[in-house]
Structures are given as structure tokens and as C-alpha cells.
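Here the structure is laid out as C-alpha cells; the discussion comes afterwards.
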Amino acid sequence: MWNQQEIASQLAVIDGQVAPDLIITNATYLHSVLKKWMTGTIWVKHGRILYTGERMPPITEGAEQFDATGKWIVPGYIEPHVHPFQLYNPETFAHFAAQHGTTTILADNLMLLMSINRKSAFKLLDELKQLPYSFYWWARMDSQTNLQNEAEVFAPEEVEEWLKRDDVLMGGELTGWPRLLKGDPVMTASLQKAKQLGKKVEGHFPGASERTLARMRLLGVNGDHESMTADEAEARLLQGYAVTLRESSIRPDLKPLLEGILEKGLDVFDHLMMTTDGSPPLFHEDGVMDKCIRIAMEAGVDPIDAYQMASYNSARYYDIDELHSVIAPGRFATLNVLSDIREPNPTDVLSKGVWLKRDGQACVEFKKGDWTVFPKFAPDFDLTLDDVTPTESIGINMLNDVITKPYKTTMDLSAARLEGEHEESFLALVDRNGKWRVTTVIKGFSHSVQGLASSYSNTGDVILIGRDKQEMIRAFERIKELEGGIVLAENEQIICELPLPIGGSLSDEPIGILREQERQLKQELSKRGYAKGDAIYSLLFLQSTHLPYIRITQLGVADVMKNIVLNPTTER
């Protein structure tokens, strides 16, 4: 924001006493309120738009001038539903996304809740504010798994402290919404506090019935991003929800959703948003919100509507349009310059008055976040064969990336390795501090992974998968040496590794390097029989109790539909 002295100098520009910092001439720009392409000049000072119209400023000496002849200018894109911890960290994701025009993100705080205390988290958020991007945040109300300290982490007074921040715009997403329907007092208190503070609340309602949608709306939920068909999107609009359409690595639904909406003749594009829903680096090879805009136009959506769904609609819904997504006085000078109206990947990106991209090239990079606030991944214990030996025959059958079912194995679980042609492996979840373990078997992950260890998980604990117990232990020893990561071990060799040195969960590498590391990991897993869509999400979702039917959690192997523990945690 701007202090009194800066506002005075901005007024002095209008009064013809000083020059702007930047003058954009011959601009053809999208006016989000009028939904029209306008032409004129844009004045900028202190990262703020001062004027849009036909005039040049009275004083131009010392001002940078940018000639936008033959270009199209649109507001910087907004990603309204980001999980900025999918191997990358919020800072590296923002650096990458901005090169594709996405300069504002509304981000999940779950990893921060799981990893560091509130004081450290708020310090990090304040550091990220210094970057020339716009970071906004969610306030989670549930963990989407079974935590041993759930009551402490998600106590209403803790959630309230997050909701009080002016950069926290949303409560949720509510993956544990069935608890809310049952009258859970803790979640109810947190949701009511969000409403008292004027924050939106985002649901997570895949396949929800009309009755469920109505009930959740009455409880105070404002939006949902889980529509998988045009009929489901229409049902949510009918119930008064804000609808965000998704194009993600596990749900690439955007094109059929938009085609279905067009076929139904629904004139609702002013009320729709779009998201990539926190997909891993490889999915973003061709962009972030620019990717969604491109898909929308390919589906037949009018270009202005496509750009609005990636900018103004989100700003208006989250009540930040006085600063974002309108190219008019008083807003951040956050603009994307396009070579063609149908090519949403900008040639030039201006964010808060700072050029981040010029003539197709990144021109500046920043580092503000102190990621040492995340405790190092440094287990001071060794694993034994008992730590990866299941004691029960009930295991987890992966039907696809996200859906699992219980099954009963006939394998000899005491064996050092599983022989034969099949898709069963040992599976263990081990406390990162070595205090407990959960052991079981998994079917459908691969047919020949000997040992995989991952400190990347929903809770920051260690996931171990493999057909050979010694190779699972070998992979664990390697992630200890790396201080976190995902490692594949085979025949007494480390064959692939993806280091995650920030708390054992996040990379500090640029997205381009991280993308190639992810590509190699997926290729090696594919060679060994991983045939699902997204291995990164498969690892993350093994603990996620908002998905059916069976998960491995800190409390044990849980049947989430029956709300029972089938195989409890064992103390080490």
C-alpha cells in the first residue's frame, strides 16, 4: 500500500508538478468493469495506476516510456486456489507463475500449519509481502487427515488469528465438511468466526447432492471448486455458490466443463473463476492461469470472458478489486502485455510497477523468504526390518490416483522381499521423529519398485513403499543424507532422487530445474509399473481422509467411510 508521502507525490503527477515513473502510450487495454477494449495512455507511480485516458502527463522528463502499439494489455492474472507446496515453495512458484502473467495467488496455509508455529509463519508471510507479487492466503479449519495433535493445530483461537490477517481472504477449503454437518463444535466455531470477520469460506464437495449443497450454503459456505460436469457447475450456481472450474493434473476438466456450459446456453461467465488447483511442476510446463485462459478460448469462450475469469471475477468475489484487476486509477500497476489477443502468455509483465518480464525474457528475480524457519529434516534414528513389516493382512488397494479400497493380502508379510508378478508392496508411515510407525501393504502402486522413501507427505512424516525391505531402508537412509526428498533405491543402488531440503517437504530450486527432477522420478516410477496419472499426488493423498475409502494416517490405517481404525499406530 501507499503512505501519505507517496500519495502526495501521486497527486502531484496529476496536478502537473512531477513526472510519473512510467508512461504506457498507445495502449489497447481491457477495462474489466465496462468489458470493453479501450485505447489511451496509462500513468504509473509508486507501482500504482494514476490515470488512464487520452492525455499525456504535463511533465514527462525522467519517466520511463513504454510504447504499446500493436499490443493488448490485460490485468495481471489471479490464481484463486493454490497449494503452493507441491514440491515447489510459494516463492519459487510465484517467480515462475509471474513469467506467465499470474502475479496474484490465493494460497493454502496447510503446510505452514503442519511445519512451523504461527509466529514463524506470519514472519514468512510478511517477508513474502515484500516481493513484487500479491500473496493472499487461506485459513484452514481441518487437516484433511487424522492428526495426533489436530485439536491443538486447528483450535478455533488459532484459526481466528489467521483469519484476522488482512491478507487472509478465505476460510477453508473444508475437506472435513462431514464433521460440520454433524455439528462439530470446533469447526463450527471456526466457520462462524470467518463469517464474523467477513471472510469467504470455500467448500470441497465432490459429488455433493442438492441437499448437501443447500445445507452447506446455510452453514455459511460461499464457494466450491469440485464441479466435474456442467450439470454440477449449474447446480452450484443455482444454490448461490461461487464456482471455480478446475484444470489440474488429476482433474483436467476445464475444457469439457466450459463446452458443457456453452452447450447449455448458460450466460454465467461473469460468475465463474478458474484454477490449476496446486498441480506439481510438470503440469505447469505450459503455464498457470494463461493455460486456463487458452483452454477457455479453445472451448469457444469469448476472449474477454476468458480473461475476466482469470482476473476480475476473482478480485470482485474476494473484495480486492479496489486494488486488482481493473486498469484504472488507484489500482496496482499489475499488467500483462500480449502480442495477440488469443495468446495469453504475455511478452511483458508489470507487477506493482516492477517489470518482471520484458520482450519475452525474465528481467529480475527476488528472494525474500527465510525458509530456515522450517525445521530441518534430520531424523536421528535408524530403521529396522520390523519398522517396515506389516502385522495385519488388510491393505490399501489403489484404484486410481485418489480412490483406494481395502483388500486382504495373501502374501507372506514376514518375508524380506515380495517375489513374483503382482502389484503388491510393503507400505509404512514412520514418524519423522521416530516415535511411532504404521505398517501395511499397498496394491496398485507399482509392480517392481524395490524401495521408495519420501519425506514429502501430507504431514511431513516419512512414507516408505517397496517390495524389498532392505531397499526401503536404503532409500530412507538416503533421504536422511539429503535432509529430505523422494528417493528410489534398487539393487543396492540409488537410482533416482529429488531433494527437498526445506523442511523435508519443499525444494529450493527454480521450477525449471524442479520440473526436470520430477520428470525423471516419474519416468523411473513408470518403468517400474506406476501407471496412475500423478505420482506426486498419489504420495500426498495416501494420508488424505477426505477421499474414500482407506488411508494411512498418524492414528493408523483408517477406514474413512466407517470412521474406524483398522490397524493402529505402533510405538517405536
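For Tyr530 and Ser538, the side-chain atoms include at least one donor-acceptor pair closer than 3.5 Å. Checking Lys469 against Thr389 by side-chain atom types alone, a donor-acceptor pair falls below 3.5 Å. Side chains of Thr276 and Glu79: a donor-acceptor N/O pair is present below 3.5 angstrom, by distance only. Side chains of His447 and Glu421: no donor on one and acceptor on the other come within 3.5 Å. Between the side chains of Asp386 and Thr384, no donor N or O sits under 3.5 Å from an acceptor N or O. Residues Gln86 and Tyr456 have side chains that bring a donor and an acceptor to within less than 3.5 angstrom of each other. Side chain to side chain, Glu173 and His225 meet the donor-acceptor criterion of an N or O pair below 3.5 Å. Judged purely by distance below 3.5 Å, without hydrogens or angles, the side chains of Ser249 and Asp534 pair a donor atom with an acceptor atom.
Residues that satisfy the salt bridge (charged side-chain N to carboxylate O under 4.0 Å, His left out) test with Asp126, not counting sequence neighbours, are Arg165.
Ion pair Arg358/Asp348 flagged as a salt bridge, since at least one NZ, NE, NH1 or NH2 atom sits closer than 4.0 Å to an Asp/Glu carboxylate oxygen. Between Glu477 and Arg474, no side-chain nitrogen of the basic residue sits less than 4.0 Å from a carboxylate oxygen of the acidic one, so the salt-bridge criterion is not met. A salt bridge is absent between Arg515 and Glu518: the closest approach of a Lys/Arg side-chain nitrogen to an acidic carboxylate oxygen does not fall below 4.0 angstrom. Ion pairing between a basic and an acidic side chain is recognised when a charged N comes within 4.0 Å of a carboxylate O; Glu150 and Arg179 show such pairing. Ion pairing between a basic and an acidic side chain is recognised when a charged N comes within 4.0 Å of a carboxylate O; Asp382 and Lys480 show such pairing. A salt bridge links Arg519 to Glu285: one of the charged nitrogens lies within less than 4.0 Å of a carboxylate oxygen.
Within the 4.5 Å cutoff, side-chain heavy atoms of Trp436 are placed close to those of Leu429. At a threshold of 4.5 Å between non-hydrogen side-chain atoms, the residues Leu174 and Val201 count as touching. The closest side-chain heavy-atom distance from Met114 to Leu147 is below 4.5 Å.
For an aromatic pair to be called close, the ring centres must be under 6.0 Å apart, and Tyr133 with His95 satisfies this. Residues Phe476 and Phe381 bring their aromatic ring centres within 6.0 Å. Aromatic rings from Tyr77 and His324 are positioned such that their centres are separated by 6.0 Å or more.
Nearest heavy-atom pair, Leu163 versus Ala139, reported as atom, atom and distance to 0.1 Å: CD2-CB, 3.7 Å. Nearest heavy atoms, Trp371 versus Leu128: CZ2-CD2, 4.4 Å.
Looking at Thr569, its side chain does come within 3.5 Å of a backbone N or O of Gln554 through a donor-acceptor pair.
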Intermediate values then yes/no, salt bridge (charged side-chain N to carboxylate O under 4.0 Å, His left out), Asp286 and Lys291: CA-CA 6 Å; Asp286 54 351; Lys291 175 191 189 104; 2.4 Å; yes
Derivation and outcome, ring-ring contact (aromatic ring centres under 6.0 Å, His included), residues His546 and Phe541: CA-CA 9 Å; His546 66 292; Phe541 281 161; 5.8 Å; yes
Lys367 and Asp508: CA distance, side-chain angles, deciding distance, salt bridge (charged side-chain N to carboxylate O under 4.0 Å, His left out) verdict: CA-CA 11 Å; Lys367 182 165 177 55; Asp508 57 3; over 6 Å; no
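Taking OG from Ser425 and CG from Leu452, the interatomic distance works out to 9.5 Å, rounded to the nearest 0.5 Å.
Taking the six-membered ring for Trp and thresholds of 30 and 60 degrees, His81 and Trp138 have ring planes inclined between 30 and 60 degrees apart.
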